[in-house]
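Okay, so here's the structure we're looking at.
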2 protein chains.
Amino acid sequence: MLTKEELEEYSAEAIEIYLDHISIDCVVFGFHEGQMKVLMLKSKNEDGWQLPGGFVQKREPIDVAANRILATRTGIDEVFLQQFHVFGAPDRNRQHNEMYADMVAKEKNFFAHRFISIGYYALVDFFDAIPTPDEFSEICTWRDLNDLPPFLLDHELIFTTALDTLRLQLSYQPIGYNLMPKEFTMPELQKLYETILGKKLDRRNFQRRMLGFGILNKLPQTRKGGAHKAPYLYSFDLENYQAALKEGLKSGW
Amino acid sequence: MLTKEELEEYSAEAIEIYLDHISIDCVVFGFHEGQMKVLMLKSKNEDGWQLPGGFVQKREPIDVAANRILATRTGIDEVFLQQFHVFGAPDRNRQHNEMYADMVAKEKNFFAHRFISIGYYALVDFFDAIPTPDEFSEICTWRDLNDLPPFLLDHELIFTTALDTLRLQLSYQPIGYNLMPKEFTMPELQKLYETILGKKLDRRNFQRRMLGFGILNKLPQTRKGGAHKAPYLYSFDLENYQAALKEGLKSGW
DNA sequence: TCAAAAGTGTTTTGGTTACACCCATGC
DNA sequence: GCATGGGTGTAACCAAAACACTTTTGA
């Protein structure tokens, strides 16, 4: 539990260094053991979980702020990170919560102000990230997409909007470089796509399509040790991958 | 030209009713005589043009704010209006401009603060809109996409981002209901698409595809008066149109 | 040796592209 | 009547979907 003193101190500091009324929330996706994961934080003062978030420093570009917030929660930097929506309902603040509203006078309590939040979503390598709680949270950890805890505020809306966006992106952008390890097999990559889309894909058509994009390098090695036939390993061709990110994978009209 | 007194008055009022650090800019597209148009404002104090914009009231949802701003500039309400990007560079403010920076002390001058701007784009019927300047502008008018004046601030970036978004949307969403008059011919609708995309489309394939979407009603009348064969008139099937907006026009994967 | 996973191919199909022909109207 | 724009149909093409066969490996 945060004390009144701690909250006052955090608030006074925040007012000094951050822009008022603007926050950033990140939906951080990871992939592990065939399951899609989201990074979440268990609040100290409130009974629920939330997405990693933060504020924008007074002279900081918003993309830099999002990167900083993500780096603080995971230790990783320079990953796929993209704004996807702004959440600006007037009641998306913490005034309803006694802890935030009553402990410190509302005007003086930065965190009880109204915040318009810019939603970012990130794709990161599960093993690269070291989940790290912030001052307001007791736990920071990966949660399975199929087993999500109750959300605080409008964070469920932010999460579902991010997932919808990710699914859309999948149709016209390559995705995977930031979610997969350096080397991976085609079935592993397929599993990622199936997990994001929530449905099965044809093994052979998937492979042909993926290879058709020209963003994969087939490595001479195979992944041994598993039962059954050993699958080939692949890595992303970063140059072509970046190009595909810009160009898109297919054109309409 | 605005006087110092006017600016002070506007600023004091703005501080009272608006959220600090958050602005909204609208890219309003219209279509007239086969040309794509954007609504723009000629600044009183600065030598350049800008997009219609404004701020968010302290307890107002951002979508409502965008609608209000659009309605104030055009007199129309309830049109297609969608946020598409947030512009958050730290130097996107008016501190460089003597008028805004020197005339009134920076802290007291709301308009010289740093603003993070939420970009919205709108599609409106050219004839429904009555362009109306705001306090800071001497002119509010439609400008042709092929003949754009110099932009202030980062409004050129906002505009081009909006146009890119519109072109993308075209691939998987129906567009036209808000840009065309109630009744229109197929060649007229095609002209809209060609103008947005900046390229010619095949007459027959366009017609087939459009009809295939099932969002058009073919009316018994034809448009007489023009030279050559009289084309049929169409209207949008609003119900199917709305459904298509939600579902999208084509699916990937 | 057999089940299960992986590699590689072919057929089918549906949508898009390209193109041809006919009709109406004003000059 | 003829140039121009508009309505309608069809062949060609291509990419995605559906499907079959072979290979490898551990149990």
Side-chain angles (χ1 to χ4, degrees), chain A residues 33-34 167-168 170-174 176 180 183-195 197-235 244 247-253, chain B residues 33-34 167 170-174 176 180 183-195 197 199-235 244 247-253:
Chain A
E33 289 181 346
R167 285 180 176 157
L168 250 179
L170 214 56
S171 303
Y172 58 93
Q173 285 207 331
M180 301 297 288
E183 302 184 347
F184 51 89
T185 68
M186 195 61 80
E188 287 165 357
L189 183 61
Q190 180 177 345
K191 187 82 190 172
L192 170 66
Y193 273 72
E194 289 179 336
T195 308
L197 292 168
K199 64 177 173 185
K200 290 280 172 200
L201 299 172
D202 184 279
R203 192 166 56 87
R204 297 147 285 191
N205 293 335
F206 178 83
Q207 176 148 351
R208 183 186 8 246
R209 183 158 173 177
M210 268 297 150
L211 292 176
F213 293 154
I215 57 173
L216 292 179
N217 294 321
K218 187 172 188 171
L219 305 177
Q221 311 94 299
T222 54
R223 166 147 304 166
K224 291 171 185 167
H228 321 303
K229 182 168 182 176
Y232 284 101
L233 286 170
Y234 292 86
S235 66
E247 298 296 320
L249 290 178
K250 49 172 156 184
S251 59
W253 296 94
Chain B
E33 290 182 344
R167 284 180 175 156
L170 214 55
S171 303
Y172 58 93
Q173 284 204 333
M180 302 296 287
E183 302 184 345
F184 50 89
T185 67
M186 195 61 82
E188 286 165 358
L189 183 62
Q190 180 176 345
K191 187 81 189 174
L192 169 67
Y193 272 73
E194 289 179 341
T195 308
L197 292 167
K199 65 177 171 185
K200 290 279 171 201
L201 299 172
D202 184 281
R203 192 165 56 86
R204 298 147 285 191
N205 294 334
F206 178 82
Q207 176 147 349
R208 181 184 7 225
R209 182 181 322 205
M210 268 297 150
L211 292 176
F213 293 154
I215 58 174
L216 292 179
N217 294 321
K218 186 172 187 172
L219 305 177
Q221 312 93 297
T222 55
R223 166 147 303 166
K224 291 171 182 165
H228 321 304
K229 182 168 182 174
Y232 283 102
L233 287 172
Y234 291 86
S235 66
E247 299 296 320
L249 289 179
K250 48 173 157 184
S251 59
W253 296 95

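Numbers restart at 1 for each chain; the letters A, B, ... are given by sequence-line order, proteins then strands.
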(message) So, does A:Gln207 get its side chain near the phosphate of C:dG7, meaning an N or O under 4.0 Å from OP1 or OP2?
(response)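 Checking C:dG7 against A:Gln207, a side-chain N or O does come within under 4.0 Å of OP1 or OP2.
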
(request) Would you indicate, yes or no, if D:dT8 has its OP1 or OP2 atom less than 4.0 angstrom from a side-chain nitrogen or oxygen of B:Lys218? (result) yes

Using atom [atom1] of [X] as one end and atom [atom2] of [N] as the other, report the distance to the nearest whole Å.
X: B:Leu201; N: C:dC19; atom1: CG; atom2: P; value: 16 Å
X: A:Glu194; N: C:dA5; atom1: CD; atom2: C1'; value: 14 Å
X: B:Phe213; N: C:dT16; atom1: CZ; atom2: C1'; value: 12 Å
X: B:Lys199; N: C:dT17; atom1: NZ; atom2: C1'; value: 12 Å
X: B:Met210; N: C:dT17; atom1: CE; atom2: P; value: 13 Å
X: A:Phe206; N: C:dG7; atom1: CZ; atom2: C1'; value: 15 Å
X: A:Asp202; N: C:dT10; atom1: CG; atom2: P; value: 16 Å
X: B:Arg209; N: C:dG15; atom1: CZ; atom2: C1'; value: 9 Å

Would you say the base of [N] and the side-chain of [X] have a donor-acceptor pair closer than 3.5 Å?
X: A:Arg204; N: D:dA20; answer: yes
X: A:Arg223; N: C:dA6; answer: no
X: A:Asn205; N: D:dA18; answer: yes

(message) With rounding to the nearest 0.5 angstrom, report the NZ to NZ distance, B:Lys200 to B:Lys191.
(response) 4.5 Å

(message) Between B:Arg203 and B:Arg208, which residue's closest nucleotide on DNA chain D lies nearer the 5′ terminus?
(response)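 This one resolves to B:Arg203.
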
Please tabulate the protein-to-nucleotide N/O contacts below 3.5 Å involving nucleotides 24-27 of chain C, giving atom names and distances.
residue	atom	partner	partner atom	Å
C:dT25	O4'	B:His228	O	3.3

Quick check: do [X] and [Y] have side-chain heavy atoms less than 4.5 Å from each other?
X: B:Leu192; Y: B:Leu189; answer: yes
X: B:Tyr234; Y: B:Met210; answer: no
X: A:Leu233; Y: A:Thr185; answer: yes
X: B:Lys218; Y: B:Leu216; answer: no
X: A:Met186; Y: A:Leu211; answer: yes

(request) Verify, without hydrogens or angle tests, whether B:Gln190 (side chain) and B:Leu201 (backbone) share a donor-acceptor contact under 3.5 angstrom. (result)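 Between the backbone of B:Leu201 and the side chain of B:Gln190 there is a qualifying donor-acceptor contact (under 3.5 Å).
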
